[in-house]
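Residue numbering restarts at 1 for every chain, and letters A, B, ... go by the order of the sequence lines. This one's a predicted model, so the numbers in the text were calculated from it and none came from an experiment.
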Amino acid sequence: MVGAACALYAARAGLDVTVVDRGPVAGGTTGAGEGNLLVSDKEPGPELELALLSNRLWTELASEPGLGTAFEYDPKGGLVVASAPEGLAALEKFAAGQRTAGVVAETVTAGQLHYLEPKLAPGLAGGVYYPQDAQVMPTLAAAHLLRASAARLLTGRTVTGVSRSPDGAVRGVRTDRGEIDAPAVVNAAGTWGGEVAALAGVHLPVLPRRGFVLVTEPLPPLVRHKVYAADYVADVASDSAALQTSPVVEGTAAGPVLIGASRERVGFDRSFSLPVVRALAAGATRLFPFLEGVRAMRTYVGFRPYLPDHLPAIGPDPRVPGLFHACGHEGAGIGLATGTGQLIAQVLGGRAPELDLTPFRPDRFAVHEEAAG
Amino acid sequence: MGTEPAGPRGGPSPHLAVVGAGPAGLAAALAAAERGVRVTVVDSAEAPGGQFYRQPAAALGARRPQALHHQWRTWRRLRDGVERHLPAGNITLLPEHHVWCVERRPDAPREQRPCPPRERRPSDTPGGFTVHALLGPAQEEAVEVRADAVVLATGGYEKVLPFPGWTLPGVVTAGGAQAMLKGGLVVSGRTAVVAGTGPLLLPVATGLAAAGVRVAALVESADPKALVRHAGPLVGRADKLAEGAGYAVTLLRRRVRTLVRHTVVEAHGTDRLEAVTVAALDAEGRVRPGSERRFACDTLAVGHGMVPHTDLAESLGCRVDADGMSVAVDDEQRTDVPGVWAAGEATGIGGAALSLAEGHVAGRSAAARLRGREPDPREWAAAAASRTRLREFFAALDTVYVPPAHWAEQVTDGTVVCRCEEVTAGAVREAVGELGAGDVRTVKLLTRAGMGWCQGRMCGPAVAGLAGCAETVARRPFARPVPLGVLARAGETGEPGGAPVVSEEPGGPPVE
Ligand SMILES: Cc1cc2nc3c(=O)[nH]c(=O)nc-3n(C[C@H](O)[C@H](O)[C@H](O)COP(=O)(O)OP(=O)(O)OC[C@H]3O[C@@H](n4cnc5c(N)ncnc54)[C@H](O)[C@@H]3O)c2cc1C
């Protein structure tokens with residue numbers, strides 16, 4: 001997704017773009033996650049700024065002819081609920097901070113919850129409504145952004161090396177099917193971004209954080225917003241390797257309800273884990289009791305690309321002239337893709353990026369940190 | 001929640017769960033029960049027998065099921081053997097149990113194969129397997145069976161490739177037609193065409209003819225003469241090996257026009273099937289222009305072979321061969337996951353006789369190992385020998401009975417490929433040609449082909465063929481759709497203290 005967005009904005013900035021991927025379009029984490037474009041789960045800071053920029057750009061893209069429907073853009077809004085008064089107080093405090101950063105956050109009383117979401121469980125303490133939260137279908141979004149970019153697309157090609165000129169500057173990439181010359185290379189290899197960085201001889205400690213998503217049978221629209229419990233925010237920001245499963249429940253244009261997502265650090269282990277999806281199901285049915293009788297059709301697994309400080313790497317790599325990074329977006333790479341693409345296009349074109357890239361500097365991790373992270 | 005016999009830890013004998021009550025599953029159950037293992041057989045059908053020994057429902061008054069069951073005596077022996085073990089509870093049959101997942105509990109024994117010599121029985125070690133099932137036909141109530149080991153004997157399902165008009169009422173799968181025959185549901189007086197490829201077409205055509213249906217043509221895209229080249233001397237014994245081939249051929253000669261190297265290019269009709277167009281194939285597997293012929297018919301039974309059922313094995317972590325899309329097993333029918341055996345068509349398509357042999361070996365091996373003994377393969381030498389022979393024969397069949405190489409060219413853009421989600425061939429082609437899909441998974445994500453009720457079981461091979469990419473082993477952690485309420489409580493039924501523990505972050509409960 002991130003690569004597709006970089007391609008789109010770079011092409012629109014007038015650059016000649018080639019996209020190389022060892023798999024098909026969206027064959028990495030993009031095809032294995034969900035498409036929430038969330039501001040609601042982010043605390044004030046660089047990631048929230050990037051999310052606000054990105055959501056604005058998503059809205060613009062969605063209004064281009066045909067594009068919004070093609071990737072199933074839905075500005076449905078998010079609803080965060082708390083079951084107990086203490087949770088609600090914490091949520092309120094969190095939302096107050098977000099408002100100062102430009103997030104629209106509307107307090108919802110216990111009594112109002114059922115106007116927004118009639119099928120919610122009774123007895124919840126209240127919540128906060130975030131109208132800026134939206135949703136896309138990630139695989140369609142990646143495919144249609146690439147198509148709109150008109151970039152040259154080379155799928156089924158693995159990058160095996162980064163070519164450098166004697167002065168150290170990037171000259172292009174080597175692939176298993178020939179070389180590609182380019183004065184600038186963007187590493188948008190997601191969870192494998194660390195490996196691609198290593199090909200250029202630099203250190204970038206991207207690691208996988210596993211997530212399962214549950215998909216139900218198609219239903220009429222019964223869940224209107226993205227709904228999640230307040231603990232989700234804590235899970236997202238958590239440093240823990242242990243399993244966390246506060247569910248986000250959302251309907252989709254195609255009918256199925258998506259229940260996502262667990263977070264675990266277990267390497268690239270693809271094996272099915274019944275305890276994990278059981279916990280997701282339990283959480284979802286607690287929020288929406290009617291889901292008890294709804295059938296889960298399938299479940300899939302993906303690996304979020306994360307960096308030790310949970311911020312992506314975006315921008316030029318001072319260690320290798322001509323190398324740019326756009327990876328490590330963890331559980332928000334769909335949402336943050338547009339902003340990332342725009343910023344990369346700006347720096348590729350030699351312009352000043354519209355957000356300060358310092359927090360996203362790719363060389364911010366000392367080698368020894370990898371062992372700690 | 002259902003109940004089940006007391007767990008093995010308190011009881012005297014180890015407990016084996018067999019999933020599937022076809023020839024393989026029953027043979028495994030019988031072999032294991034006769035060697036002191038308590039067996040529970042779980043199957044979705046109302047009665048044991050599987051696809052092959054499907055029980056003609058008594059109510060429908062099928063008088064001579066033998067006419068359809070060439071190996072009726074074998075079946076009787078097997079069934080009587082199993083029944084002998086029922087009263088004492090050595091074998092428990094659980095029909096109408098739809099297994100949605102077999103879980104290897106986290107506390108299951110972790111030792112790697114080959115089994116080290118050890119004194120402990122696996123049943124003495126904590127943990128094991130939980131077979132999660134839904135009680136049919138509503139499939140809402142959960143039943144859990146805990147066992148020390150499992151035999152997966154889940155069989156196979158039919159492969160059907162699309163062509164224009166294949167979704168018309170009146171077009172059925174060959175296996176569906178056969179099931180109707182065995183269930184006594186075929187209406188005489190109709191006119192049928194049987195088409196596709198594979199040894200299943202013969203018994204379907206003859207069965208239909210015997211039931212009073214006029215079979216206008218049997219259309220086989222392969223050239224069975226090639227079988228002689230591939231299988232050599234085995235062919236002479238085909239009638240003993242395959243499902244009554246000899247008997248089928250006689251009947252065929254009498255009544256049915258057979259067209260080899262031909263294929264159905266289109267089914268016609270407005271509300272239902274009225275006719276089919278059939279054409280000859282050239283050496284490359286393309287339709288020969290001008291060779292088209294039309295047959296009026298109200299039934300078209302079509303099949304392109306069988307595909308092994310691998311879902312349960314795959315989510316248990318068993319290796320599945322991408323080649324044959326079948327569960328990989330060793331000489332003892334063990335998968336590469338300790339405690340999990342597989343037998344019958346789940347390990348490769350090969351008919352009832354092969355399934356019986358594999359099931360027998362699996363049951364004996366499992367029994368020996370569950371009782372802490374290294375099995376002696378000489379004990380099952382006869383079964384192993386017939387297994388070898390049959391596998392060779394079916395490997396030869398496999399090379400001959402393949403769909404025409406260029407079948408996808410006949411599929412028009414407007415033809416629906418995925419029936420659950422109504423995805424057309426044109427949409428699949430667009431995903432590949434214009435949106436950068438290069439594999440079945442991306443086609444699925446871009447078009448929704450394979451996301452519906454059947455989860456791609458029907459359309460998987462077709463989508464791969466149209467997309468021009470290799471078929472991959474599908475991952476379907478839920479072998480059946482499962483209510484979220486059941487899923488949320490999975491593991492809570494059965495023995496106390498058996499539920500796996502989910503590690504959670506110390507400070508934060510996962511959900512409110
Ligand atoms: C369960 C789950 C739920 C999620 N939900 C959301 C959500 O709701 N909202 C959200 O915004 N995000 C979500 N995410 C996160 C999001 O999916 C990721 O952040 C995002 O997809 C990352 O995109 P990417 O382009 O960086 O990486 P990818 O999509 O993984 O793309 C990287 C590409 O690089 C290619 N590649 C790697 N190495 C090489 C090489 N050597 N040569 C050539 N190509 C190579 C790969 O093939 C791959 O296609 C979720 C993730 C998971 C797992």
Side-chain angles (χ1 to χ4, degrees), chain A residues 21 23-27 31 81-84 87 137-140 143-144 146-147 153 155-156 214-218 229-231 234-235 238 240 242-247 254 256 259 270-272 274-279 281-287 291-300, chain B residues 100-106 130 132 139-140 314-317 420-421 431-432 434-439 441-448 451-453 455-456 469 475-478 480-492 499-512:
Chain A
D21 201 299
V25 166
V81 298
S83 61
M137 198 300 200
T139 304
L140 288 172
H144 284 280
L146 275 175
R147 175 143 84 170
L153 177 61
T155 52
L214 265 175
V215 187
T216 73
E217 61 189 295
D231 320 72
D235 280 0
S238 165
S240 167
L243 170 65
Q244 296 146 0
T245 54
S246 51
I259 301 163
R270 300 200 71 88
S271 54
F272 173 62
L274 188 58
V276 174
V277 297
R278 178 176 51 215
T285 50
R286 249 170 292 169
L287 279 177
L291 289 175
E292 284 264 337
V294 170
R295 282 170 204 267
M297 299 294 295
R298 57 197 178 91
T299 167
Y300 54 86
Chain B
W100 57 270
C101 183
V102 178
E103 179 188 14
R104 185 171 181 226
R105 295 202 302 274
T130 304
H132 295 273
Q139 299 190 35
E140 280 161 6
E314 205 280 336
S315 49
L316 269 166
C420 304
E421 295 284 329
V432 176
E434 290 176 42
L435 292 176
D439 63 348
R441 173 174 172 260
T442 315
V443 170
K444 167 172 139 181
L445 288 169
L446 288 169
T447 65
R448 303 194 56 75
M451 284 201 183
W453 274 100
Q455 289 292 296
C469 48
R475 301 176 65 94
R476 298 187 193 98
F478 305 135
R480 305 266 163 164
V482 53
L484 286 165
V486 169
L487 182 55
R489 287 184 292 275
E492 287 173 17
V501 182
V502 182
S503 64
E504 281 159 10
E505 193 188 3
V511 192
E512 299 196 12

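Contacts between Arg441(B) and chain A at a heavy-atom distance below 4.5 Å involve the side chain alone, from C-beta outward. For Pro256(A), the part lying near chain B is the side chain, with the backbone staying farther off; criterion is any non-hydrogen pair under 4.5 Å. For Arg298(A), the parts lying under 4.5 angstrom from a heavy atom of chain B are both the backbone and the side chain. Neither the backbone nor the side chain of Glu314(B) comes within less than 4.5 Å of any heavy atom of chain A. Both the backbone and the side chain of Thr299(A) come within less than 4.5 Å of a heavy atom in chain B.
Note that the CG atom of Leu140(A) and the CZ atom of Arg448(B) stand 9.5 Å from one another [nearest 0.5 Å]. Here Leu214(A) contributes atom CG and Phe478(B) contributes atom CZ; the two are 5.0 Å apart, rounded to the nearest 0.5 Å. Expressed to the nearest 0.5 Å, how far CG of Leu446(B) lies from NE2 of His144(A) amounts to 7.0 Å. Note that CZ of Arg278(A) is 10.0 Å distant from SG of Cys101(B), once rounded to the nearest 0.5 Å.
In terms of heavy-atom pairs under 4.5 angstrom with chain A, the leader among Ala431(B), Gly438(B), Pro483(B), Gly317(B) is Pro483(B). The choice from Pro477(B), Ala437(B), Cys469(B) that makes the most heavy-atom pairs within less than 4.5 Å of chain A is Pro477(B). The most heavy-atom pairs under 4.5 Å with chain A, out of Thr447(B), Leu487(B), Leu316(B), come from Leu487(B). Across Leu274(A), Val277(A), Thr285(A), the residue that shares the most heavy-atom pairs under 4.5 angstrom with chain B is Leu274(A).
Scanning all heavy atoms of the two residues, the minimum distance from Gly436(B) to Leu153(A) falls at CA-CD2, 4.1 Å. Taking all atoms of both residues into account, the shortest heavy-atom contact from Met297(A) to Gly452(B) is CE-O, 3.5 Å.
In this structure Thr442(B) satisfies the side-chain hydrogen bond (donor to acceptor under 3.5 Å, both in side chains) test together with Asp439(B), sequence neighbours excluded. Remark: Ser315(B) engages no residue in a side-chain hydrogen bond (donor to acceptor under 3.5 Å, both in side chains) (not counting sequence neighbours).
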Please step through side-chain contact (heavy atoms from CB on, under 4.5 Å) for the pair Leu146(A) and Leu435(B), ending with a clear verdict.
CA-CA 8 Å; Leu146(A) 275 175; Leu435(B) 292 176; over 6 Å; no
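With a 4.5 Å cut-off on side-chain heavy atoms, Arg295(A) and Glu140(B) count as touching. Counting only heavy atoms from C-beta outward, the side chains of Met451(B) and Val215(A) never approach each other to under 4.5 Å.
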